[in-house]
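One structure is given here, and the rest of the page talks about it.
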Number of protein chains: 2
Amino acid sequence: MQVLKPNEGKPITIYDIAREAEVSPATVSRVLTGNSNVRKEKRKKILEIIEKYNFKPNAMARGLSETKSKIIGILVADVRNPFYAELFLACEQAAKLAGYTVMLCNSLNNMEQEEYLLDQLVQQRVDAIIQIGGRVDDLVSNMEYVEKVNQVMNTIPVVVTGKLEGTKCKMVRIDSMKAMELLMEYLISLGHRDIAVVGGSDKVLSTYEKLVQYRLSLQKYHIPFDPDLISPEGTYNVESGYRLMNEMLAKGKRPTAVIAINDFAAAGVMHSVLEHGYRIPEDISVVGYDNTYISQILNPSLTTIDYNYQYYGKSLIEAAIDAIEGKGELLKLVTPGLMIRGSSGSRR
Amino acid sequence: MQVLKPNEGKPITIYDIAREAEVSPATVSRVLTGNSNVRKEKRKKILEIIEKYNFKPNAMARGLSETKSKIIGILVADVRNPFYAELFLACEQAAKLAGYTVMLCNSLNNMEQEEYLLDQLVQQRVDAIIQIGGRVDDLVSNMEYVEKVNQVMNTIPVVVTGKLEGTKCKMVRIDSMKAMELLMEYLISLGHRDIAVVGGSDKVLSTYEKLVQYRLSLQKYHIPFDPDLISPEGTYNVESGYRLMNEMLAKGKRPTAVIAINDFAAAGVMHSVLEHGYRIPEDISVVGYDNTYISQILNPSLTTIDYNYQYYGKSLIEAAIDAIEGKGELLKLVTPGLMIRGSSGSRR
DNA sequence: TTGCTCTGCGAAACCGCTTTCAACTTTATC
DNA sequence: GATAAAGTTGAAAGCGGTTTCGCAGAGCAA
């Protein structure tokens with residue numbers, strides 16, 4: 001019996017294993033892929049040698065041979081946003097269970113970068129791409145980007161958390177209307193009628209939907225709509241929430257409850273409210289969206305919409321795998337829940 | 001001239017390009033790799049066809065052929081922690097500039113998972129691994145893990161942000177002693193003498209170093225060391241900071257300044273302090289480490305240690321590439337800075 | 001014209017795995 | 001005990017690139 005020469009930096013291959021086990025590479029490959037047509041003793045011997053050298057088959061070779069990488073590319077706007085981080089992590093875990101690896105890219109909300117990364121993922125021959133945030137959040141899809149995605153979809157399926165009109169992307173979306181409905185029913189049940197919405201832009205699909213539901217809920221309870229209780233165009237960060245809330249208060253508006261467009265904006269809103277000498281929630285209730293750990297860091301802790309990231313991530317991965325296999329539905333809605341904490345209370 | 005059949009889901013290859021350009025695949029490969037020995041007109045024609053079909057060479061094939069993936073694996077404890085997210089993002093950008101792609105994995109501080117992911121990265125044949133947080137943060141290295149890493153290092157260089165005694169990992173580390181020194185000099189210059197350190201565990205290398213420097217700084221200014229001003233064993237999250245600060249105050253200790261072990265712990269400390277009716281910074285100054293956006297979310301915003309993530313990430317990638325090329329130094333220290341915000345002030 | 005160097009380019013080998021195909025063994029069936 | 005069916009196995013092709021090698025032709029000196 002021959003022995004492998006001590007492995008000097010070169011990873012060992014299936015051939016090395018085959019030689020030592022006195023079988024052909026094909027047989028080693030069979031045990032690697034779980035093919036059952038290998039005699040028990042041989043399988044055992046091969047497995048022992050694999051174990052002994054801690055052999056890991058080269059994923060590039062395997063991928064090349066099978067023309068699939070077993071990698072799912074995940075394109076997010078910015079992992080520093082805990083919403084994306086949570087979702088990515090959930091995807092990573094779900095992917096692992098399904099036998100896939102995951103490759104994360106950050107677009108930083110820059111379309112050029114987004115297109116570059118798509119190309120990058122194509123080059124890696126990922127089996128599917130999940131795009132979370134960025135261009136796919138737009139209420140009206142950017143045509144140039146649609147074209148780009150269609151070109152990619154020629155060879156690789158794309159799943160999005162928003163929508164991309166003019167493409168056949170599968171969608172896994174949060175039911176934003178439902179989320180707003182939950183908040184409104186909750187706040188109204190606490191006696192609030194002067195409810196503001198702060199932060200975000202109605203050019204973003206989910207925000208647009210939230211605003212639509214906001215008005216529907218007002219209507220349902222016969223509360224008149226006051227345009228001044230909706231903040232103008234904003235972004236999704238702390239500063240924006242802070243500034244917009246300041247402006248609203250400066251205008252003399254004094255809602256008893258504020259719905260911030262996400263946890264970041266809620267942080268800004270809370271700063272502003274506290275600075276103006278109001279108490280939370282005694283004078284003004286503040287609620288947010290996302291239930292990231294920010295909600296727990298804030299003081300008081302934030303009542304917010306919860307998405308069940310585990311489930312959301314799992315759904316995304318499932319959709320991706322369905323897309324790879326050419327099956328599954330086009331759209332799936334994820335139902336949000338309400339996480340009640342200290343920042344909200346009855347109207348005084 | 002022949003024309004490619006409309007691309008029906010199968011990515012086109014170098015051979016398709018070659019056929020249409022009426023050259024050999026070798027020539028196409030030459031223009032792809034930037035080899036200069038191709039006549040101008042041919043190069044131009046080939047490039048046009050590549051452009052026309054938006055051809056991207058298969059990274060697996062290329063990687064297999066060159067026996068290198070051009071991927072750097074990045075193993076972090078948990079991207080949901082903005083410290084890791086920031087650092088990862090910086091690495092991603094630096095890697096891109098250097099022509100590398102990056103593959104992120106989360107160990108979730110679970111050693112089994114950590115070992116699993118190392119194997120995963122080996123299987124992908126990444127060119128180098130950067131491990132940020134997790135086992136490499138331990139003050140005394142876990143022997144089993146050291147063995148695992150040594151096995152990996154047989155074929156793939158590993159760079160760590162901590163240390164791993166018994167391995168030849170390159171290290172790129174924050175100068176934690178310097179960081180603590182900055183905070184102590186700053187607080188002492190503001191007149192503080194009763195300075196507490198809350199959160200973290202001295203079984204973690206960086207925390208250990210911080211505590212060493214803490215005592216050195218006290219000594220320098222002839223301030224007696226009070227063991228009750230150092231919190232016992234803690235973790236690095238909000239709850240821990242909250243609980244430990246509560247305990248310290250309950251013991252009757254009343255520091256005028258608190259150094260929280262990171263931004264999360266600082267959030268907890270601030271909750272506790274405010275709940276006890278003290279003002280920040282008038283009664284108690286609170287400072288933290290990491291300068292993640294949490295520092296800005298907190299109210300008042302947090303004075304904290306800043307790491308210059310861009311530079312840190314760049315250094316990590318450089319170290320990885322150096323390791324791939326078998327050069328560079330073993331250890332590099334990154335110098336931290338101080339970011340002064342509203343949570344700290346003069347002793348009253 | 002001969003001899004040499006250079007440049008440009010195709011044939012073919014190779015990277016490390018999977019899979020088809022055909023041949024060879026076993027085992028089951030009657 | 002003959003024959004069919006099922007189980008094992010290795011040779012070889014193929015995945016899509018890169019690279020070596022050698023050949024052909026150009027350019028230049030002698």
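Only a predicted model underlies this, so the values are computations on that prediction, with no experimental measurement involved. Each chain gets a letter, A, B and so on, in the order the sequences are listed, and its residues count up from 1.
- Residues forming a ring pair (Phe, Tyr, Trp, His ring centres under 6.0 Å) with A/Tyr309 (at least two apart in sequence, or on another chain): A/Phe83.
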How does protein contact run along nucleotides 14-22 of chain D, one letter per nucleotide 5' to 3', with B for base contact, S for sugar-phosphate only, - for none, heavy atoms under 4.0 Å?
BBBBBBB--

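- Taking the 5' to 3' direction, DNA chain C first and last meets chain B under 4.0 angstrom from a heavy atom at C/dG8 to C/dG16.
- Rounded to 10°, the angle separating the first-five-pair axis and the last-five-pair axis of the helix from C/dT1-D/dA30 to C/dC30-D/dG1 equals 40°.
- Of the two residues contacting DNA chain C, namely B/Val38 and A/Arg39, the nearest-nucleotide position lying further toward the 5' end is that of B/Val38.
- Look at A/Glu48 and A/Lys44 and you find a salt bridge, because one of the NZ, NE, NH1 or NH2 atoms lies within 4.0 Å of a carboxylate O, short of that distance.
- Among B/Val159, B/Ile74, B/Val160, B/Val334, the single residue meeting the side-chain contact (heavy atoms from CB on, under 4.5 Å) criterion with B/Leu316 is B/Val159.
- Every residue two or more places apart in sequence or in another chain was checked for a salt bridge (charged side-chain N to carboxylate O under 4.0 Å, His left out) with B/Lys70, and none qualifies.
- For A/Lys314 and A/Glu318, the salt-bridge test passes: some basic side-chain N is under 4.0 Å from an acidic carboxylate O.
- OP1 or OP2 of D/dT9 has at least one side-chain nitrogen or oxygen of A/Lys42 nearer than 4.0 Å.
- Paired with A/Tyr84 under the rule side-chain contact (heavy atoms from CB on, under 4.5 Å), one option of A/Val76, A/Thr161, A/Asn106 passes, and it is A/Val76.
- Atom NZ of B/Lys148 sits in a crowded spot, with more than 12 heavy atoms from other residues, nucleotides or ligands closer than 6.0 Å.
- Salt-bridge formation is detected for the pair A/Lys56/B/Asp119: a Lys NZ or Arg NE/NH1/NH2 atom is positioned less than 4.0 Å from an Asp or Glu carboxylate oxygen.
- Checking side-chain atoms of A/Thr67 against main-chain N and O of A/Leu64 turns up no donor-acceptor pair under 3.5 Å.
- B/Thr101 pairs by the side chain to side chain contact (heavy atoms under 4.5 Å, CB included) definition with A/Met103, A/Gln120, A/Gln124, B/Ile71, not counting sequence neighbours.
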